[in-house]
Visitor: 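Have a look at the structure that comes next, please.
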Amino acid sequence: MSMRYISTRGAAPALDFEGAMLAGLARDGGLYVPETWPRLSEDDLIAFAGLSYAELAARVMAPFLAGSRVDSAVLANLAREAYAGFGHRAVVPLKQLDRNFWLLELFHGPTLAFKDVALQLLGRLFDRVLTRRGERVTIVGATSGDTGSAAIEACRDRDAVDIFILYPHERVSEVQRRQMTTVEASNVHTIAIEGSFDDCQDLVKAMFNDMAFRDRHNLSAVNSINWARIMAQIVYYVAAAVALGAPRREIAFAVPTGNFGNIYSAYAARAMGLPIGQLVVGTNRNDILARFFDSAEMKISAVEPSLSPSMDIQVSSNFERLMFDLYDRDGAAVAAALGEFRKSGKLKMPDERWQRARAIFDGYRLDDEGTKTQIRETYEATGELLDPHSAVGVAAALRCWRDPAMPMVALAAAHPAKFPDAVEAATGIRPALPQRLANLLRRPELVNVTPNDLGQVQNFVARHARRKETT
Ligand SMILES: *Cc1c(COP(=O)(O)O)cnc(C)c1O
């Protein structure tokens with residue numbers, strides 16, 4: 001039986017795994033979700049205990065790839081390669097902070113943020129599938145920091161892929177910039193745009209909307225709406241829950257949230273049968289999700305900068321995937337609600353649907369002062385340094401924990417050395433980069449500064465992409 005993927009807006013054709021991964025966004029503007037959830041039985045969970053992370057990943061993901069040309073042996077190999085490069089033998093270690101309270105460290109990948117866990121696998125899956133098809137793609141993306149470097153590390157030296165990442169010139173941190181500009185790989189290109197992150201995003205959208213350009217270079221994206229990223233993130237929820245006693249008992253998770261991708265993977269794991277008893281959404285001052293879980297209403301306001309920049313988001317694209325289930329998988333109803341939201345900036349969810357979400361989700365907002373306080377308190381109590389994003393998750397966990405008898409796992413989304421200024425402001429300690437990145441600040445950089453001009457950016461891409469032009 002092969003797995004099929006359907007759009008959350010109900011008006012695009014169903015695709016197989018490869019199609020959904022290569023397409024990213026569905027043609028009706030929706031996001032792909034599996035037509036049915038594969039089941040994790042109690043016996044499966046019991047059998048998972050003691051597997052290596054790569055073995056577990058292959059077992060959990062296999063049903064999602066059913067029917068694709070990536071068979072389970074190939075998948076196991078790709079997972080082994082993807083996670084061999086992590087800086088911790090356990091890949092995603094659990095660290096105990098208190099009785100029944102745990103930190104799941106997701107930052108041991110090459111760029112020190114949780115996005116590596118999915119992207120290290122996704123880059124290899126893309127390469128494998130494209131090579132088999134005799135195709136190549138040009139990946140273009142915009143980044144305000146973390147995503148760009150994680151995508152670059154995932155795609156470097158992969159034959160079937162060229163990658164171009166746009167970032168706002170002089171508006172990302174030095175560590176973030178250097179993680180992109182010091183990569184020596186002939187298929188990796190970074191473009192420093194003289195403009196803001198929004199300008200970068202607009203340029204990327206404009207390239208996708210230029211159909212001739214899009215087809216000529218076979219443009220593609222690996223952004224957080226890609227189903228394969230959600231799929232790969234399900235694995236660490238299973239790993240943590242099994243380590244803490246699933247299927248015998250339920251586990252709670254608290255997740256620092258921006259685009260709702262990470263926490264949606266937890267929801268997906270639960271839909272597959274993982275015993276998750278509570279999910280806590282942590283937000284910074286950009287708290288549209290926390291307000292939604294308080295009031296059933298989503299209301300847009302302007303994005304404000306915070307100490308946790310990867311969560312400075314108002315419209316969380318992956319929330320649409322949760323809505324699809326809350327609206328009983330009625331794509332037309334989702335499309336109508338979102339159309340209204342885009343027009344009015346407001347979405348009021350019918351009470352019965354909202355209650356279904358509230359049965360499992362809580363939301364919590366933490367401002368910058370609270371973030372620094374949490375970093376300091378955790379350091380004083382446990383000796384652990386949290387990055388500002390992880391601190392939001394920890395605070396949300398402690399404030400919203402419903403049942404102290406249920407183990408609570410807060411997700412550590414980035415290494416503290418990725419945000420050294422905030423950590424130092426809170427604790428007086430400047431976290432050091434891990435040994436394998438220690439020379440980052442001395443490596444030679446290649447910075448391509450380009451005006452905020454579509455024509456010049458397209459010229460840059462056309463000059464550097466290796467894909468043969470098809471006429
Ligand atoms: C991307 C990111 C987030 C937000 O994750 P979502 O999946 O978008 O909710 C939080 N923290 C860090 C460090 C990130 O890089």
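Heavy-atom basis, side chains included; hydrogens, waters and symmetry copies ignored. Remember, it's 1-based here, ligands and their atoms both numbered in the order they're listed.
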Visitor: Pairing donors with acceptors under 3.5 angstrom, does anything connect the side chains of Asp146 and Gln176?
Guide: yes
Visitor: Considering residues at least two apart in sequence or located in another chain, which fulfil the side-chain contact (heavy atoms from CB on, under 4.5 Å) criterion with Arg402?
Guide: Gln278, Arg358, Asp362
Visitor: Compile the protein residues with any heavy atom at a distance under 4.0 Å from an atom of ligand 1; present them by chain, then by number.
Guide: Phe114, Lys115, Asp146, Pro256, Thr257, Gly258, Asn259, Phe260, Gly261, Asn262, Ser310, Met311, His389, Ala413, Ala414
Visitor: In chain order, what residues pass the side-chain contact (heavy atoms from CB on, under 4.5 Å) check against Leu51, with sequence neighbours excluded?
Guide: Phe48, Glu55, Leu56, Arg59
Visitor: Report, as yes or no, whether the 6.0 Å neighbourhood of atom CZ on Arg270 holds more than 12 heavy atoms from other residues, nucleotides or ligands.
Guide: no
Visitor: So, for His108 and Phe86, is the gap between ring centers shorter than 6.0 Å?
Guide: no
Visitor: I'd like to check the side-chain contact (heavy atoms from CB on, under 4.5 Å) partners of Glu250; sequence neighbours left out, ordered by chain and number.
Guide: Pro275, Met406
